[in-house]
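Within every chain, numbering begins at 1; the chains are lettered A, B, ... in the order of the sequence lines, protein sequences first and strands thereafter.
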Amino acid sequence: DGNVIAHDEL
Amino acid sequence: MNLFRLLGDLSHLASIFILIHKIQTTRSCRGISFQTQALYVTVFVARYIDLFFRWISLYNFFMKIFFIASSVYILYLMKYRYRPTHDPSIDTFKVEYLVGPAVVLSLIFNYKFEFTEILWTFSIYLEAVAILPQLFMLQRTGEAETITTHYLAALGAYRALYIPNWIYRYFTEDVVDPIAIVAGLVQTGLYLDFFYVYFTKVLQGQKFELPA
């Protein structure tokens with residue numbers, strides 16, 4: 001999903 | 001992953017180990033806000049629900065499991081094991097003043113109006129202010145055990161270290177996460193008073209005491 005931030009941080 | 005974020009996460013891990021160590025060695029949760037700890041469980045469960053549908057890395061996976069498990073364990077220690085050592089009469093911050101606005105803000109300012117996305121956003125806003133009952137308690141009693149201040153310092157350092165991480169990611173990966181950044185700046189800002197006393201007193205070998 002291109003326009004949503006990946007949420008790869010804790 | 002970059003060094004700032006890794007150090008931030010390790011600082012977060014350290015803070016939890018310090019807290020558990022404090023509770024177990026003093027056999028007491030005196031000076032620790034149950035409300036703040038309960039808010040952290042809420043934060044972790046809301047944010048890490050993505051364990052069920054999003055794979056990031058093995059590192060990310062185990063850290064999430066650890067944060068959920070350890071925060072629940074701390075609640076258990078406070079609520080059952082060392083219950084008599086917790087004094088609810090000084091832990092009186094109204095958490096609904098934090099949870100309510102976090103719910104409303106997450107419904108308005110989010111990246112996508114989707115259930116899990118709003119839960120993520122809610123967890124970010126709630127985390128930003130979850131330390132307030134703890135700081136409020138500290139303010140009320142005017143003093144803290146040294147080990148408790150180390151816990152708070154490590155916890156504050158965790159979000160503070162995420163700031164250079166975001167700057168680094170902006171330049172190297174072109175990634176900007178405004179929700180996390182704004183909330184993170186607020187969260188770090190809440191620690192400034194505490195850090196001032198921590199650096200000028202505790203690290204100079206004195207007891208943590210607020211001026212009357």
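If you measure heavy-atom distances from Val175(B) to chain A, you find no contacts under 4.5 Å at all. For a residue to count as touching a neighbouring chain, one of its non-hydrogen atoms must lie under 4.5 Å from one of that chain's; by this rule Trp166(B) touches chain A with the side chain only. Within the 4.5 angstrom heavy-atom criterion, only side-chain atoms of Tyr158(B), from C-beta onward, approach chain A. Interface residue Tyr48(B): only side-chain heavy atoms are found under 4.5 Å from chain A. Heavy-atom distances place both the backbone and the side chain of Asn60(B) under 4.5 Å from chain A.
Side chain of Glu145(B) to backbone of Gly31(B): no donor-acceptor contact under 3.5 angstrom is found.
The candidate with the highest count of non-hydrogen atom pairs below 4.5 Å against chain A, out of Arg47(B), Met1(B), Arg5(B), is Arg5(B).
Cation-pi geometry between Arg83(B) and Tyr80(B) is not met at under 6.0 angstrom from the ring centre and within 45 degrees of the axis.
In this model, no donor atom of one side chain and acceptor atom of the other lie less than 3.5 Å apart for Tyr170(B) and Asp177(B). For the residue pair Gln139(B) / Asp193(B), no side-chain donor-acceptor distance below 3.5 Å is found, with atom types taken as modelled. Side-chain contact check for Thr116(B) and Arg54(B): no donor-acceptor pair (N or O, by modelled atom type) lies under 3.5 Å.
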